[in-house]
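Counting convention: from 1, in listed order, for ligands and their atoms alike. Basis for what follows: all heavy atoms, side chains included, without hydrogens, waters or symmetry-related copies. Bear in mind the structure is a predicted one, so any value in this text is a computation, not a measurement.
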Amino acid sequence: MKISVLGTEDCWEVVDRTKFGRIACSVDDQPYVVPFNFNVDGKQHLYAFSTVGQKIEWMRKNPLVCVEVEELTSSNDWTTVIILGRYEELRNTPEFERQRIRAHELLSSRPMWWQPAYAAGTTSDRENEEPVYFRINVEKITGHRAESELVQKFFPEGLPKPLQKNDSHGLW
Ligand SMILES: Cc1cc2nc3c(=O)[nH]c(=O)nc-3n(C[C@H](O)[C@H](O)[C@H](O)COP(=O)(O)OP(=O)(O)OC[C@H]3O[C@@H](n4cnc5c(N)ncnc54)[C@H](O)[C@@H]3O)c2cc1C
């Protein structure tokens with residue numbers, strides 16, 4: 001197995017393709033990681049949506065976060081991207097109106113985009129809660145790709161791009 005380092009463009013390609021990852025935050029030296037959906041705007045921000053729970057409360061206290069994104073084919077064929085960034089809440093105030101509209105535009109391109117945030121909380125009254133739009137301002141992005149010798153032999157230019165879930169060929 002060979003591990004190669006991805007350039008910034010390739011990292012963003014993976015992040016844009018997956019639009020799903022794990023976000024880690026921390027308070028008082030205690031890390032906390034949860035899966036989340038997001039969308040990408042340019043090569044600067046990840047936009048996401050939630051209701052108030054532990055992760056939002058923790059990111060409000062400490063905005064430094066880490067996001068991990070992955071494409072796993074097998075233990076020998078995988079790509080992972082790690083982002084270090086800063087949480088920014090897009091508050092429901094005139095100051096953030098433009099960014100909130102942008103967040104809604106980006107996130108609502110996915111069907112039922114709001115559901116995981118409302119359904120996965122543990123408090124019973126989440127459905128009545130004010131939605132929280134936020135973005136991660138990306139400060140550092142790195143990526144690694146592992147490929148088996150067989151992949152390198154038969155696909156010296158790299159594996160063909162994985163099929164996307166919303167492609168229209170009906171394979172998913
Ligand atoms: C595929 C997928 C996509 C998702 N997309 C989003 C999204 O876009 N936005 C979003 O807000 N949420 C999303 N979720 C749900 C998210 O992972 C959290 O479960 C949810 O946001 C609640 O987090 P919280 O910190 O507010 O938890 P709280 O309701 O405050 O949780 C309290 C406790 O419950 C436990 N807990 C919380 N979540 C999980 C979990 N997933 N698994 C195990 N234990 C848990 C933790 O121990 C935590 O201390 C997604 C989940 C999946 C699987």
Side-chain angles (χ1 to χ4, degrees), residues 11-75 77-93 96-141 143 161-168 170-172:
C11 290
W12 277 105
E13 229 177 77
V14 174
V15 170
D16 198 16
R17 195 158 58 226
T18 54
K19 297 180 173 56
F20 169 76
R22 276 107 191 152
I23 185 161
C25 50
S26 118
V27 166
D28 297 335
D29 296 333
Q30 173 61 65
Y32 178 55
V33 183
V34 286
F36 82 129
N37 297 313
F38 57 80
N39 208 338
V40 171
D41 198 21
K43 294 188 172 65
Q44 178 92 55
H45 300 112
L46 309 184
Y47 280 81
F49 169 81
S50 181
T51 49
V52 177
Q54 185 173 326
K55 73 177 172 312
I56 295 295
E57 283 160 2
W58 282 33
M59 292 190 295
R60 284 173 175 167
K61 277 192 192 155
N62 176 6
L64 297 180
V65 299
C66 179
V67 174
E68 189 260 2
V69 172
E70 64 199 30
E71 288 180 331
L72 304 180
T73 308
S74 73
S75 55
D77 295 306
W78 47 260
T79 306
T80 47
V81 173
I82 307 280
I83 287 171
L84 297 183
R86 192 172 279 271
Y87 170 78
E88 182 184 15
E89 195 161 317
L90 307 177
R91 296 182 188 284
N92 193 5
T93 60
F96 289 106
E97 192 184 347
R98 196 170 47 82
Q99 290 95 329
R100 285 172 68 87
I101 291 169
R102 183 69 183 137
H104 185 269
E105 272 170 12
L106 288 165
L107 295 167
S108 60
S109 61
R110 184 197 294 262
M112 306 296 279
W113 57 282
W114 44 270
Q115 198 172 48
Y118 275 109
T122 50
T123 55
S124 56
D125 57 350
R126 286 228 169 179
E127 284 178 22
N128 301 319
E129 284 180 11
E130 175 89 357
V132 175
Y133 289 102
F134 64 95
R135 67 182 181 185
I136 304 303
N137 298 310
V138 175
E139 293 176 353
K140 185 177 177 193
I141 183 164
K161 294 265 182 301
L163 298 171
Q164 298 294 291
K165 282 194 174 177
N166 52 3
D167 280 353
S168 56
L171 290 175
W172 287 90

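- Counting the atoms of ligand 1 from 1 in the order shown, those under 4.0 Å from a heavy atom of Asn37 are 3 (C), 4 (C), 5 (N), 6 (C), 7 (C), 8 (O).
- Every N/O-N/O distance between Phe20 and ligand 1 stays at or above 3.5 Å.
- Of all the atoms in ligand 1, the ones that sit under 4.0 Å from a non-hydrogen atom of Val34 are 17 (O).
- Taking every heavy atom of Gly53 and a limit of under 4.0 angstrom, the matching atoms of ligand 1 come to 26 (O), 30 (O).
- For atom 33 (C) of ligand 1, the nearest non-hydrogen atom from the set Arg22, Gln54, Lys19 belongs to Gln54.
- Glu57 and Lys61 are not joined by a salt bridge, as no carboxylate oxygen comes within less than 4.0 angstrom of a charged side-chain nitrogen.
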Between Val65 and Phe134, does a side-chain contact (heavy atoms from CB on, under 4.5 Å) hold up when you go through it step by step?
-> CA-CA 12 Å; Val65 299; Phe134 64 95; over 6 Å; no

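- Between the Arg100 side chain and the Leu90 main chain, a donor and an acceptor come within less than 3.5 Å of each other.
- Among the atoms of Ser50, some N or O lies under 3.5 angstrom from an N or O of ligand 1.
- Salt bridge present: Glu105 and Arg102 bring a charged side-chain N and a carboxylate O closer than 4.0 Å.
- Distances from ligand 1 to the non-hydrogen atoms of Ala48 include no value under 4.0 Å.
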Kindly list each side-chain donor-acceptor pair under 3.5 angstrom involving residues 20-39, sequence neighbours excluded, with atom names and distances?
from: Arg22; atom 1: NH1; to: Glu70; atom 2: OE2; distance (Å): 3.1
from: Asn39; atom 1: ND2; to: Leu106; atom 2: O; distance (Å): 2.8

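- Closest heavy-atom contact between Ile136 and Tyr87: CD1-CA, 3.9 Å.
- Within the 4.0 Å heavy-atom shell around ligand 1 one finds Tyr32.
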Take Asp16 and Lys19 through the side-chain contact (heavy atoms from CB on, under 4.5 Å) test and state the conclusion after the steps.
-> CA-CA 6 Å; Asp16 198 16; Lys19 297 180 173 56; 3.1 Å; yes

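- Heavy-atom separations between Phe38 and ligand 1 are all 4.0 Å or longer.
- Polar contact with ligand 1: present for Phe49 (N/O pair, distance under 3.5 Å).
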